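Since this is a predicted model, take the numbers as computed values, not measurements. Sequence lines set the chain letters: A, B, ... in the order given, protein chains first and strands last, and positions in each chain run from 1.
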Number of protein chains: 2
Amino acid sequence: MSTGAFDDVLSTLDAERRARRTVMSTTADRVAGQLREQVAEGHLRSGTKLPEERLAAALGVSRNTLREALGQLVAERILVREAHRGVVVSTPDADDVRDVYAARLALEPGALRQGEHAPAARVAALRAAVEEGQAALEAGDHEAVGGANQHFHHAVVALAGSDRLDAQMDLLLAEMRLFFHAMGDPRTFHEPYLAANAAICDLAEAGRWSDAAEHLTTYLTDAREQLLGGFALT
Amino acid sequence: MSTGAFDDVLSTLDAERRARRTVMSTTADRVAGQLREQVAEGHLRSGTKLPEERLAAALGVSRNTLREALGQLVAERILVREAHRGVVVSTPDADDVRDVYAARLALEPGALRQGEHAPAARVAALRAAVEEGQAALEAGDHEAVGGANQHFHHAVVALAGSDRLDAQMDLLLAEMRLFFHAMGDPRTFHEPYLAANAAICDLAEAGRWSDAAEHLTTYLTDAREQLLGGFALT
DNA sequence: TATTGCAGGATTGTTGAACAATCGGCAAGG
DNA sequence: CCTTGCCGATTGTTCAACAATCCTGCAATA
């Protein structure tokens, strides 16, 4: 087996190439990324129309490729398309909040219970997100607190060890950002939950996955009610 | 209120219109549906290349709109696109099986535990899927048994009451069909699990959601091992 | 023989322009 | 005031093209 080690390198390189190929650029994806970021950042507010011609010109890209990008974001529920009426930034309502939380209430505790079989590194990611939140709070950076909170919930789902689930969670968290932008985006919304995150992380590290899952369930239920309260005012 | 009944008709019609508008036609979606079905049905086997020009001509549609349709299916992981190399029907490997089952192991038991708060109609859907499977088994229709099994698992996720989760489960089940086509598609694969479905349904109807979830967890783990065994032969 | 270099053809990524279908608004008319 | 019909604007879709990239085969070379 003179080529054994060499073949290993070969296949590694090939895998890398394929990964870059399937993940990476193609202007449509890049444009989708730009728009995604503009929405996540709050620069494109809910309800704003996105006329294809002007937007394509602004992005320096053809209308067709812009169309492909818009298609991606529509699939991600960040934008909504109505036939012959154009695409607009999604304006979530109370039902959307209920639906997203119904998904999270199934997904996150389910993933947390699977944490029993997760490698230690994934549990460490949980702890890292908790500490990131603590640091952000002490620094008084409200935006970073929100970010850390999202990282925590992403880490919870990552315990399940499924790329597909991680992608789904990314979509749900993107919608959560829309919710926050739709309501007044109260800067202190996330802070009360930092303690709960820490408690859940403690339980997880102690191997008490079931307790952690139940804790998370009540946590999410509370957050949903709070959000729905905020939406009732709209 | 002379127009009361009329306004009812109006709003009904309007709701219908909006539903069709956001869900239905636009040739790209229709084409995506056709291709999706061809793959699900097994007429387009794993690994077959889909050249844009010929395929567009065959479908009687422009290359651009075909491109949009392909984009959808790529997002659904039914097809895989490599830059400048074209799209092919996804050929799942053992890692894909592991990933999909990691997702299902978090999703399905998690949704089942949420069944506690589900309306009775959703539980009835569970029972309906079980009976559909029994009938198909007695009729000796192996394909229908597989279909009923998918309906059961879809009904489990539907307990959570989230459209977004239902859509995600549709994707996972579509990938499962790819798995079955990739291996020899043993016609009797699903039959042993009908009893487990019935047991889970019994527990659910008895309100023993936690027991049902645990039962489903071992169930899914077994099925995963069996599938992985089939894939090891490839 | 096995590998390298190179041309040629084929396919994809992207663009630009066009046309029919449809939507939104505005004026005419009851 | 409400309806009707028309006009401009935007979308859905197609067509034709071009550059970039990939694959194939063949010749040249060691």
- B:E52 CD - D:dC22 C1' separation (whole Å): 14 Å
- Task: Nearest whole angstrom, please: distance from the P of C:dT11 to the NZ of B:K49.
- Result: 7 Å
- Query: Whole Å only: how far is the CG atom of A:L70 from the C1' atom of D:dT13?
  - Reply: 16 Å
- Message: Using the side-chain hydrogen bond (donor to acceptor under 3.5 Å, both in side chains) criterion, which residues pair with B:R164? Sequence neighbours excluded.
- Response: A:D96, A:D99, A:E175
Collect all protein-nucleotide pairs involving nucleotides 24-26 of chain C in which both atoms are nitrogen or oxygen and the distance is under 3.5 Å.
unit_1 : atom_1 : unit_2 : atom_2 : d
C:dG24 : OP1    : A:R85  : NE     : 2.9
C:dG24 : OP1    : A:R85  : NH1    : 3.3
C:dG24 : OP1    : A:R85  : NH2    : 2.9

- C:dT12, C:dA21, D:dT13: which one has an atom nearest the side-chain heavy atoms of A:H84? C:dA21
- Task: Output all residues satisfying ring pair (Phe, Tyr, Trp, His ring centres under 6.0 Å) with A:F180, sequence neighbours left out; order by chain, then residue number.
- Result: A:F189, A:H190
- Salt-bridge criterion met for A:R177 and A:E76 (N-O under 4.0 Å): no
- Task: To the nearest 0.5 angstrom, please state how far the CG atom of B:L159 sits from the CG atom of B:D166.
- Result: 9.5 Å
- Task: Indicate the atoms forming the closest heavy-atom contact of A:V157 with A:E108, along with that distance.
- Result: CG2-CG, 4.0 Å
- Could you give all pairs that pass the ring pair (Phe, Tyr, Trp, His ring centres under 6.0 Å) test and reach residues 153-177 of chain B, with sequence neighbours left out? B:H153-B:Y219
- Query: For B:R81 and C:dT11, what is the distance between atoms CZ and C1' respectively, to the nearest whole Å?
  - Reply: 12 Å
- Item | Donor-acceptor under 3.5 Å (B:S46 side chain, B:S90 main chain) | yes
- Could you note down all residue pairs passing salt bridge (charged side-chain N to carboxylate O under 4.0 Å, His left out) where residues 118-130 of chain A supplies at least one of them, sequence neighbours left out? A:R127-A:D202, A:R127-A:E205
- Message: Output the rounded distance in Å from CD (A:E68) to C1' (C:dT15).
- Response: 12 Å
- Those residues of residues 57-65 of chain A lying under 4.0 Å from DNA chain D by at least one heavy atom: A:R63, A:N64
